[in-house]
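Worksheet for the structure shown next.
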Amino acid sequence: MNKILIAYFSHRGENYVAGRLVELPVGNTERVAEMIARHTGGDLFRIERTTPYPATYKACVAEAVRELREQVRPPLTARVDHMDAYDTVFVGYPNWCGTMPMAVQTFLEAYDLTGKTLVPFCTHEGSGLANSPADLARLCPASRLLPGLAVRGSQAAEADAEVAAWLGTLALPK
């Protein structure tokens, strides 16, 4: 039987949504991750840096740009116990700088994902998945990569039907 993990990074606090800055008590990616978990019965795992990203949008963007430019792998607060038990790993993140946040790259590099099915999903405000599927394939070359889902952050709270339809198109392991 296919055991599913939904590993996601999500930013709470000030976010850019539909052309303006808004305060989000729950990040957009977290909302989508929860929808995936409800539909699949998978286990949720929140990817978090030991030092949280700044809550304000401009400071967070500056930190994300610095990490990407310097190829930083920030330390994380926790690890998945028994990663070997999972067959499919959904990997969720906001699209930052055209790809996934560096904290997600830290997460991916912490495990041997050989033979696992990886399924990306992201939230964004116009850039979709951008370079993240190619970056995921580069980081995890021995994994099977399925088509990802990109949800506009401004529509994340109402994306359940979109998530369900996308999940129905995936050839997940049995």
Side-chain angles (χ1 to χ4, degrees), residues 5-40 42-80 89-110 118-139 147-167:
L5 176 69
I6 301 103
Y8 69 94
F9 170 82
S10 193
H11 184 257
R12 298 174 180 139
E14 192 176 62
N15 279 265
Y16 182 78
V17 178
R20 60 190 178 89
L21 296 178
V22 297
E23 189 72 22
L24 298 178
V26 176
N28 293 320
T29 307
E30 184 172 359
R31 290 181 184 275
V32 176
E34 290 170 348
M35 291 172 196
I36 294 168
R38 275 196 310 277
H39 287 287
T40 65
D43 299 330
L44 285 168
F45 178 81
R46 183 177 175 85
I47 300 167
E48 296 181 273
R49 289 189 341 167
T50 56
T51 303
Y53 286 99
T56 62
Y57 179 75
K58 286 184 181 182
C60 184
V61 168
E63 178 72 3
V65 168
R66 182 193 67 77
E67 283 186 345
L68 181 62
R69 183 179 53 248
E70 296 174 11
Q71 288 297 293
V72 171
R73 297 301 191 271
L76 305 179
T77 60
R79 290 184 48 87
V80 173
V89 180
F90 285 82
V91 181
Y93 44 87
N95 180 334
W96 285 0
C97 307
T99 192
M100 64 195 86
M102 298 309 285
V104 176
Q105 293 191 34
T106 299
F107 171 82
L108 293 168
E109 291 173 347
L118 302 182
V119 191
F121 66 98
C122 81
T123 55
H124 66 96
E125 280 304 320
S127 51
L129 287 160
N131 297 322
S132 63
D135 291 340
L136 187 58
R138 178 182 48 77
L139 288 165
L149 175 69
V151 175
R152 279 196 179 267
S154 56
Q155 299 167 357
E158 296 84 31
D160 194 64
E162 181 181 2
V163 168
W166 167 67
L167 290 169

Please give me the minimum heavy-atom distance between [X] and [Y], naming the atom from each residue.
X	Y	answer
Val32	Ala156	CG2-CB, 4.1 Å
Ile47	Ala103	CG2-O, 3.8 Å
Leu44	Ala33	CD2-O, 3.6 Å
Thr50	Thr77	CA-CG2, 3.7 Å
Arg73	Glu109	NE-OE1, 2.8 Å
Ala64	Trp96	CB-CE3, 3.5 Å

Any heavy-atom pair between the side chains of Val163 and Arg38 that's under 4.5 Å?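 Sidechains of Val163 and Arg38: no contact.
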Could you go through the side chain to side chain contact (heavy atoms under 4.5 Å, CB included) check for Leu167 and Phe90 one step at a time? CA-CA 11 Å; Leu167 290 169; Phe90 285 82; 3.7 Å; yes
Can you tell me how far apart [atom1] ([X]) and [atom2] ([Y]) are? Round to the nearest 0.5 Å.
X	Y	atom1	atom2	value
Met100	Leu136	CE	CG	5.0 Å
Arg152	Glu162	CZ	CD	10.5 Å
Leu139	Thr99	CG	OG1	8.0 Å
Leu24	His11	CG	NE2	9.0 Å
Leu76	Arg49	CG	CZ	9.5 Å
Asn15	Thr29	CG	OG1	8.5 Å

Testing Glu30, Glu48, Glu34, Arg31 for side-chain contact (heavy atoms from CB on, under 4.5 Å) with Ser10, which one passes?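 Only one option passes, and that is Glu30.
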Per the side-chain contact (heavy atoms from CB on, under 4.5 Å) rule, which among Val91, Thr40, Val89, Val119 passes with Ile6?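 Answer to the side-chain contact (heavy atoms from CB on, under 4.5 Å) test with Ile6 among Val91, Thr40, Val89, Val119: Thr40.
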Side chain [X], main chain [Y], donor-acceptor under 3.5 Å:
X	Y	value
Glu125	Ser154	yes
Gln71	Leu68	yes
Asn95	Tyr93	no
Trp166	Ala150	no
Arg79	Ala110	yes

Donor-acceptor pairs are to be reported for all side-chain atoms of residues 53-60 against protein atoms at under 3.5 Å, with residues two or more places apart or in another chain.
| residue | atom | partner | partner atom | Å |
| --- | --- | --- | --- | --- |
| Tyr53 | OH | Glu67 | OE1 | 2.5 |

Below 4.0 angstrom, N of the basic side chain to O of the carboxylate: do Arg66 and Glu63 qualify? yes
Looking at Phe9 versus Phe107, is the centre-to-centre ring distance below 6.0 Å? no
Is it true that atom CZ of Arg20 has more than 12 heavy atoms of other residues, nucleotides or ligands lying nearer than 6.0 Å? no
